[in-house]
There are 2 protein chains.
Amino acid sequence: MRSLGKKVELLRIIAHPIRINILEELITGVKCVSDFEEFLDISQPNVSQHLALLRRYGVIDYYMDGRLRCYFLRDPIIPDIIKILKKDYMGELPAPACCPVTKKGKYPGERRR
Amino acid sequence: MRSLGKKVELLRIIAHPIRINILEELITGVKCVSDFEEFLDISQPNVSQHLALLRRYGVIDYYMDGRLRCYFLRDPIIPDIIKILKKDYMGELPAPACCPVTKKGKYPGERRR
DNA sequence: TGCAAACATTATTATATTTGAATATAAAAG
DNA sequence: CTTTTATATTCAAATATAATAATGTTTGCA
């Protein structure tokens with residue numbers, strides 16, 4: 001199974017607005033490069049560069065249809081990540097219970113700032 | 001609610017091996033800076049830099065305990081992301097069903113390579 | 001009051017990422 | 001075979017990120 005390190009690396013690869021946009025679209029189905037050009041407001045070479053990066057890390061792959069390259073999702077972690085990015089999180093995590101222990105000390109002291 | 005763009009930005013911030021390591025530890029409870037120094041094999045200033053970055057983006061916060069800073073998790077998206085990073089994904093997503101349609105064409109053509 | 005512990009900040013350097021421009025390739029059409 | 005369409009690759013410039021080294025700040029305590 002894939003190491004945590006590899007998954008963090010993958011996270012770095014997909015943590016880019018355009019690439020997330022690409023992956024969101026691919027979740028809805030197969031798309032070719034010129035499809036992406038339509039709704040991503042960037043040049044064709046730049047689309048290809050982002051696709052190449054995602055391919056290099058095994059996130060996506062493609063089929064050929066004549067001279068079209070039909071891209072699709074390959075890495076099963078992607079839908080889970082996109083789902084979390086679309087989930088609504090409100091508020092903050094609860095402050096830790098009173099007096100938890102670190103290696104060096106206990107608190108409460110003062111709230112910061 | 002937080003925009004998708006902001007969440008992608010957050011993803012970029014946490015997509016670093018050391019910061020993921022820090023967040024993993026914080027899920028188990030409160031930790032002070034010297035606690036981190038023990039198991040992260042990096043200098044104290046570097047620990048502080050990573051913590052400062054996570055703080056700046058609201059991912060973590062801290063309480064004071066004398067001269068210790070007791071860090072804890074603040075952003076509720078973090079546990080969900082860590083959970084996915086630890087989940088075991090095997091194989092690949094199923095190839096798209098026969099003959100899906102892009103704006104420009106249909107396939108099947110040939111499988112790549 | 002003065003010192004040491006715990007932590008933060010700044011500046012510098014090294015390296016990686018992103019984009020745009022130019023060019024290349026491969027397949028289909030003519 | 002030549003042209004066109006669809007897409008990829010390469011290179012260079014601009015920018016961002018990461019680590020290290022040096023220094024600063026705050027708090028508790030002798």
Side-chain angles (χ1 to χ4, degrees), chain A residues 5 8-22 26 30-38 40-57 59-72 102-113, chain B residues 5 8-22 26 30-38 40-57 59-72 102-113:
Chain A
V8 174
E9 197 175 61
L10 177 101
L11 217 59
R12 213 185 56 218
I13 293 307
I14 69 173
H16 183 288
I18 288 178
R19 292 194 289 272
I20 287 290
N21 207 325
I22 288 174
L26 285 182
V30 173
K31 298 263 176 308
C32 71
V33 179
S34 35
D35 290 341
F36 288 122
E37 274 183 78
E38 278 187 25
L40 299 174
D41 203 24
I42 58 177
S43 67
Q44 174 272 315
N46 199 206
V47 173
S48 274
Q49 284 166 347
H50 287 296
L51 291 172
L53 191 61
L54 292 171
R55 240 187 305 137
R56 179 143 21 99
Y57 283 84
V59 183
I60 61 178
D61 200 351
Y62 63 82
Y63 277 88
M64 297 295 296
D65 173 10
R67 47 192 161 178
L68 302 180
R69 292 193 176 194
C70 301
Y71 278 91
F72 59 90
T102 72
K103 283 261 169 67
K104 284 280 187 74
K106 293 184 185 191
Y107 65 86
E110 282 167 28
R111 184 109 208 196
R112 102 192 181 78
R113 217 144 285 167
Chain B
V8 175
E9 197 174 60
L10 177 103
L11 218 58
R12 217 184 52 218
I13 293 307
I14 69 173
H16 182 288
I18 287 178
R19 292 195 286 273
I20 288 289
N21 207 324
I22 287 173
L26 284 182
V30 174
K31 297 263 175 306
C32 70
V33 179
S34 36
D35 291 340
F36 289 121
E37 273 183 78
E38 277 186 28
L40 300 173
D41 205 24
I42 59 177
S43 67
Q44 174 271 315
N46 200 204
V47 173
S48 273
Q49 283 168 347
H50 286 297
L51 291 172
L53 191 60
L54 292 171
R55 240 186 307 137
R56 181 145 17 99
Y57 283 85
V59 182
I60 63 178
D61 200 353
Y62 62 83
Y63 277 87
M64 298 296 295
D65 173 11
R67 45 191 161 177
L68 302 181
R69 291 193 177 194
C70 301
Y71 279 90
F72 59 90
T102 72
K103 282 262 169 64
K104 283 280 185 76
K106 291 185 185 192
Y107 64 86
E110 281 168 27
R111 181 111 208 194
R112 103 193 180 76
R113 217 139 289 170

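Letters A, B, ... mirror the listed sequences (proteins, then strands); counts begin at 1. The figures here come from the full heavy-atom set of this structure, side chains too, leaving out hydrogens, waters and symmetry mates.
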Asker: Once side chain to side chain donor-acceptor pair (under 3.5 Å) is applied, do any residues pair with H16(B), and if so which ones, sequence neighbours excluded?
Answerer: none

Asker: Residues in side-chain contact (heavy atoms from CB on, under 4.5 Å) with R67(A), at least two apart?
Answerer: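 With sequence neighbours excluded, R67(A) shows a side-chain contact (heavy atoms from CB on, under 4.5 Å) to no residue whatsoever.
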
Asker: Could you list the residues that satisfy side chain to side chain donor-acceptor pair (under 3.5 Å) with Q44(B), not counting sequence neighbours?
Answerer: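 Partners of Q44(B) under the side chain to side chain donor-acceptor pair (under 3.5 Å) test: S48(B).
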
Asker: For DNA chain D, find the residues of residues 42-52 of chain B with a heavy-atom distance under 4.0 Å and give them by number; none if there aren't any.
Answerer: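 Heavy-atom contacts with DNA chain D come from P45(B), N46(B), Q49(B), H50(B).
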
Asker: dA6(D), OP1 or OP2 - any side-chain N/O from R69(A) closer than 4.0 Å?
Answerer: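 Indeed not, no polar side-chain atom of R69(A) lies that close.
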
Asker: Over all strands shown, is Y71(B) touching base, sugar-phosphate only, or nothing at heavy-atom distances under 4.0 angstrom?
Answerer: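 Sugar-phosphate: the residue Y71(B), judged by heavy atoms under 4.0 Å, touches backbone atoms but no base.
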
Asker: Could you pick out which residue, K104(B) or I18(B), lies toward the 5' side of DNA chain D when each is mapped onto its nearest nucleotide?
Answerer: K104(B)

Asker: Examine distances only and state if a side-chain atom of D35(B) and a backbone atom of K103(A) form a donor-acceptor pair shorter than 3.5 Å.
Answerer: yes

Asker: Who passes salt bridge (Lys or Arg N to Asp or Glu O under 4.0 Å) against E37(B), sequence neighbours left out?
Answerer: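 None.
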
Asker: Between atom CG in D61(A) and atom P in dA8(D), what is the gap in whole Å?
Answerer: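 It works out to 12 Å between those atoms.
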
Asker: Using atom types as modelled and distance alone, determine if a side-chain donor or acceptor of R69(A) lies under 3.5 Å from a backbone N or O of V33(A).
Answerer: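 No.
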
Asker: When the ring centroid of Y63(B) is compared with that of F72(B), is the distance short of 6.0 Å?
Answerer: yes

Asker: Does R12(B) or V33(B) map to a spot on DNA chain C nearer the 5' end, using the closest nucleotide for each?
Answerer: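 The answer here is V33(B).
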
Asker: Do you know the tightest heavy-atom contact between H50(B) and I42(B)?
Answerer: CD2-CD1, 4.0 Å

Asker: Give the first and the last nucleotide of DNA chain C, reading 5' to 3', that has any atom under 4.0 Å from a heavy atom of chain B.
Answerer: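 Under 4.0 Å from chain B, the extent on DNA chain C is dA4(C) to dA11(C).
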
Asker: Rounded to the nearest angstrom, tell me the gap between atom CZ in R67(A) and atom C1' in dT3(D).
Answerer: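 One finds 10 Å between C1' of dT3(D) and CZ of R67(A), rounded.
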
Asker: Atom CE of M64(A) to atom P of dA6(D): distance rounded to whole Å?
Answerer: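 Between P of dA6(D) and CE of M64(A): 13 Å.
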
